[in-house]
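For reference, the structure is listed below as structure tokens.
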2 protein chains.
Amino acid sequence: MNTHEAIQILKEKGYKMTGKRKDILNFFEASDGYRTAKDLIEHMEISYKNISFDTIYRNLHLYYEMGILEKTVLNGEKQFRISCAQHHHHHFICNHCGRTKEIDVCPMDEVANTLSNYAIEGHKFEIYGLCPLCQSA
Amino acid sequence: MNTHEAIQILKEKGYKMTGKRKDILNFFEASDGYRTAKDLIEHMEISYKNISFDTIYRNLHLYYEMGILEKTVLNGEKQFRISCAQHHHHHFICNHCGRTKEIDVCPMDEVANTLSNYAIEGHKFEIYGLCPLCQSA
DNA sequence: TTGTAAATAGTAACGATTACGATTCATTAT
DNA sequence: ATAATGAATCGTAATCGTTACTATTTACAA
């Protein structure tokens, strides 16, 4: 997913394209990991001194609903990253910088048969730690 | 982990044993799944009309720090259950009632070698859905 | 260019959690 | 048993992330 693709999706669905929406997309495209709403606010305030919480959260949710962003929760905060979900996968997430690495292993295949009477609706598999860059720093 | 064991741990570490602390343990021993602070407050208010948030959260954290309770976060709320961590394992968690089922599969063995330059500090693997009881209801 | 619905600012409200001073209580040493 | 003392608790305010609301502004289509 990149900014261009995302803009196409928004247009198709009839959403209006604003400068703020483009900047939000650029912010996430330039990040290669999870970012909090607060991170985004700090970035947006450079260009838009008085940007509203409402705008931040409304657009984060919009992008999430449209599959443009992925979401997770860390330390009680929602975190978002550009969607890379062409195929099913999980993430290593750096505790220090939020950068992610794709993990293609998914444990669900192994597990499904031990849960035959259970209706599975979702699962979460995440690995936390320090990425190579943050270890040397 | 059961109430008796937990009381032993508290005594050994020099914590005082109060009626409220025992009741909290009983509440979690009687549950077989994750419960929120709110669930616990509702239960405690039956016996202690004016119990304080402070008491609830202080003791939840104390028990968690001592390994008496396990913790997870669901829908932005911290949830706790009696610890069953004699061995490493994960959980299926019912979205409706919070009941859990132990999962002995752990994907980390498979994954570790693909993260050779990463310092792994933790991981989370949880499966969500409806347990057999909640499906029939 | 104008009309209209969508997007936004500014701000209040919310829910979960944490924090704190004053009071009560469990434990231990007498 | 009792008194001393430090821990536990209450009552409540504060905090944090997030959601919600109204008035205003803006993107886009006619």
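Just so it is clear, the model here is predicted, and its values are computed rather than measured.
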message: If you assign each of Met17(B) and Ala37(B) to its closest nucleotide in DNA chain C, which residue comes earlier from the 5' end?
response: Ala37(B)
query: Are Lys38(B) and dA16(C) close enough that a side-chain N or O sits under 4.0 Å from OP1 or OP2?
result: yes
field: Residue Thr55(A), side-chain atoms from C-beta onward, closest of dT9(D), dT12(D), dA9(C)
entry: dA9(C)
field: Presence of His61(A) side-chain N/O under 4.0 Å of dT19(D) phosphate oxygens OP1/OP2
entry: yes
- request: State whether Lys78(B) places a side-chain N or O below 4.0 Å from either non-bridging phosphate oxygen (OP1 or OP2) of dT18(C).
  value: yes
- request: Identify which nucleotide among dT18(D), dT27(C), dT9(D) has an atom closest to any side-chain atom of Asn59(B), counting heavy atoms from C-beta outward.
  value: dT9(D)
- prompt: Taking the nucleotide of DNA chain D with the closest heavy atom to each, which residue, Gln79(A) or Arg58(B), is nearer the 5' end?
  reply: Arg58(B)
field: Rounded distance in Å - CG (Leu74(B)) to P (dA16(C))
entry: 13 Å
message: Nearest whole Å is fine: how far is dG11(D) C1' from Glu45(B) CD?
response: 13 Å
field: Spacing of Lys13(A) atom NZ relative to dC28(D) atom P, expressed in whole Å
entry: 18 Å
query: Is there a donor and acceptor pair closer than 3.5 Å between the side chain of Lys20(B) and the base of dA8(D)?
result: no
- prompt: When you look at OH of Tyr128(B), are more than 12 heavy atoms from neighbouring residues, nucleotides or ligands closer to it than 6.0 Å?
  reply: yes
Interatomic distance, Leu60(B) CG vs dT9(D) C1' [rounded to whole Å]: 15 Å
message: With a 4.0 Å cutoff (strictly under), does any side-chain N or O of Tyr57(A) reach OP1 or OP2 of dT19(D)?
response: no
query: Ile68(A) versus Phe28(A): any side-chain heavy-atom pair under 4.5 Å?
result: no
- prompt: Between atom OH in Tyr15(A) and atom P in dA5(C), what is the gap in whole Å?
  reply: 17 Å
task: Check the distance between dA9(C)'s P and Tyr48(A)'s OH and give it to me in whole angstrom.
output: 9 Å
query: How close or far is atom C1' of dA9(C) from atom NZ of Lys49(A), stated in whole angstroms?
result: 12 Å
query: What nucleotide among dA9(C), dC10(D), dT11(C) has an atom nearest to a side-chain atom of Phe53(A)?
result: dT11(C)
message: OP1 or OP2 of dT8(C) versus the side-chain N and O atoms of Thr18(A): is any pair under 4.0 Å?
response: yes
message: If I take atom CD in residue Glu12(A) and atom P in nucleotide dC28(D), what distance separates them, rounded to the nearest angstrom?
response: 15 Å
message: With a 6.0 Å cut-off (strictly less than), is the heavy-atom count around NZ of Lys11(B), excluding the residue itself, greater than 12?
response: no
field: Gln79(B) side chain near Ile93(B) side chain, heavy-atom distance below 4.5 Å
entry: no
- request: Classify the nucleic acid contact of Asn50(A) as base, sugar-phosphate or nothing, counting any heavy atom under 4.0 Å across all strands shown.
  value: sugar-phosphate
- request: Hey, which sits more toward the 5' end of DNA chain D by its nearest nucleotide, Gly14(B) or Asp54(B)?
  value: Gly14(B)
- prompt: Would you say His123(B) and Val111(B) make side-chain contact, with heavy atoms under 4.5 Å?
  reply: no
field: Check: Thr3(B) and Lys22(B) side chains under 4.5 Å, non-hydrogen atoms
entry: no
field: Contact under 4.0 Å: Asn75(A) side-chain N or O vs dG17(D) OP1/OP2
entry: no
- prompt: With a 4.0 Å cut-off on heavy atoms, is Arg21(B) in touch with a base, just the backbone sugar-phosphate, or nothing at all?
  reply: sugar-phosphate
